[in-house]
Amino acid sequence: VQLQASGGGLVQAGESLRLSCAASGSTSRIWIMGYYRQSPGKQRELVATITRGGTTNYADSVKGRFTISRDNSENTVYLQMNSLKPEDTAVYYCLCRAVGSYWGQGTQVTVSS
């Protein structure tokens, strides 16, 4: 499985961004897709995940602000990030789990105060 991530960038606090990640290859076995993030000096942490059936899971820090969705026909996951805060600044990594775990290239999200 290969993952192609897009989106990200520099925004001001309170603004929105949308990330997307498209999977290709052996996509029929993908059962969960999502995003993790990593800030300098911190461990990579869960942001949100979504199963093929649409069950979602969010980190407490993003609940109510971020929405993860998935287009199974396009094997694409989306992360809509609203009301962004400076503490959301990080490199965001797309993940999918099939037979193994696969990571996309990181995309930088920077939120200025």
Side-chain angles (χ1 to χ4, degrees):
V1 176
Q2 296 80 44
L3 299 173
Q4 181 64 48
S6 60
L10 170 63
V11 296
Q12 292 188 334
E15 295 184 340
S16 299
L17 279 174
R18 190 174 87 151
L19 306 181
S20 62
C21 179
S24 61
S26 299
T27 58
S28 63
R29 295 188 176 187
I30 296 175
W31 62 283
I32 193 166
M33 300 184 76
Y35 283 90
Y36 281 66
R37 67 186 181 187
Q38 188 167 20
S39 304
K42 295 185 178 181
Q43 290 187 332
R44 193 171 295 189
E45 63 177 3
L46 168 74
V47 178
T49 59
I50 184 168
T51 68
R52 180 174 286 275
T55 300
T56 58
N57 182 43
Y58 293 94
D60 288 342
S61 60
V62 307
K63 284 181 181 177
R65 299 188 298 121
F66 291 11
T67 302
I68 192 167
S69 60
R70 179 172 173 171
D71 184 337
N72 288 328
S73 65
E74 297 291 333
N75 297 304
T76 301
V77 64
Y78 303 96
L79 184 68
Q80 178 67 41
M81 305 184 292
N82 298 329
S83 302
L84 282 161
K85 302 176 180 180
E87 50 264 44
D88 295 317
T89 295
V91 177
Y92 284 69
Y93 296 91
C94 173
L95 163 76
C96 80
R97 292 203 170 97
V99 175
S101 294
Y102 302 88
W103 293 91
Q105 81 275 19
T107 183
Q108 178 70 45
V109 172
T110 303
V111 184
S112 63
S113 58

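No hydrogens, no waters, no symmetry mates; every other heavy atom, side chains included, goes into these values.
- Counting heavy atoms from C-beta on, the side chains of I50 and Y35 never come closer than 4.5 Å.
- There is a path of hydrophobic side-chain contacts, each under 4.5 Å, that joins L19 to Y102.
- Pairing each heavy atom of R70 with each of I30, the nearest pair is NH2-O, 3.4 Å.
- In this structure, S20 and T76 approach most closely via the heavy-atom pair CB-CG2, 4.4 Å.
- Side-chain atoms of S113 do not come within 3.5 Å of backbone N or O of P86 as any donor-acceptor pair.
- No side-chain donor-acceptor contact under 3.5 Å links R29 to the backbone of V99.
- Of the two cysteines examined, C21 and C94, the SG atoms meet the criterion of being under 2.5 Å apart.
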Chi angles and distances behind the side chain to side chain contact (heavy atoms under 4.5 Å, CB included) call for Q4, Q105: CA-CA 7 Å; Q4 181 64 48; Q105 81 275 19; 3.2 Å; yes
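- Going from atom CG of L79 over to atom OG1 of T107 covers 11.0 Å, rounded to the nearest 0.5 Å.
- Heavy atoms only, all atoms of each residue included: A90 and Q108 are closest at O-NE2, 3.4 Å.
- Remark: side-chain polar atoms of T110 are not paired, donor with acceptor, to backbone N or O of T89 under 3.5 angstrom.
- Looking at V1 and N75, their side chains never come closer than 4.5 Å, going by heavy atoms from C-beta outward.
- A continuous path of hydrophobic side-chain contacts links Y92 to L3 [ILVMFWY only; heavy atoms under 4.5 Å].
- In terms of heavy-atom proximity, L95 sits nearest to Y36 at CD2-CE1, 3.5 Å.
- When the side chains of ILVMFWY residues are joined at heavy-atom separations under 4.5 Å, either directly or via intervening members, Y78 and V91 end up in two distinct hydrophobic clusters.
- Taking the six-membered ring where the residue is Trp, W103 and Y93 present perpendicular rings, their angle passing 60° and hence far from 30°.
- Side-chain heavy atoms closer than 4.5 Å link hydrophobic residues (I, L, V, M, F, W, Y) into clusters, and following such links, possibly through other members, connects V109 to I68.
- With salt bridges taken as basic N to acidic carboxylate O contacts below 4.0 Å, none links K85 and D88.
- Taking every heavy atom of both residues into account, W31 and A98 meet most closely at NE1-O, 3.6 Å.
- Transitive grouping of hydrophobic side chains (ILVMFWY, heavy atoms separated by less than 4.5 Å) brings M33 and L17 into a common cluster.
- Expressed to the nearest 0.5 Å, how far CD of E45 lies from CZ of R37 amounts to 4.5 Å.
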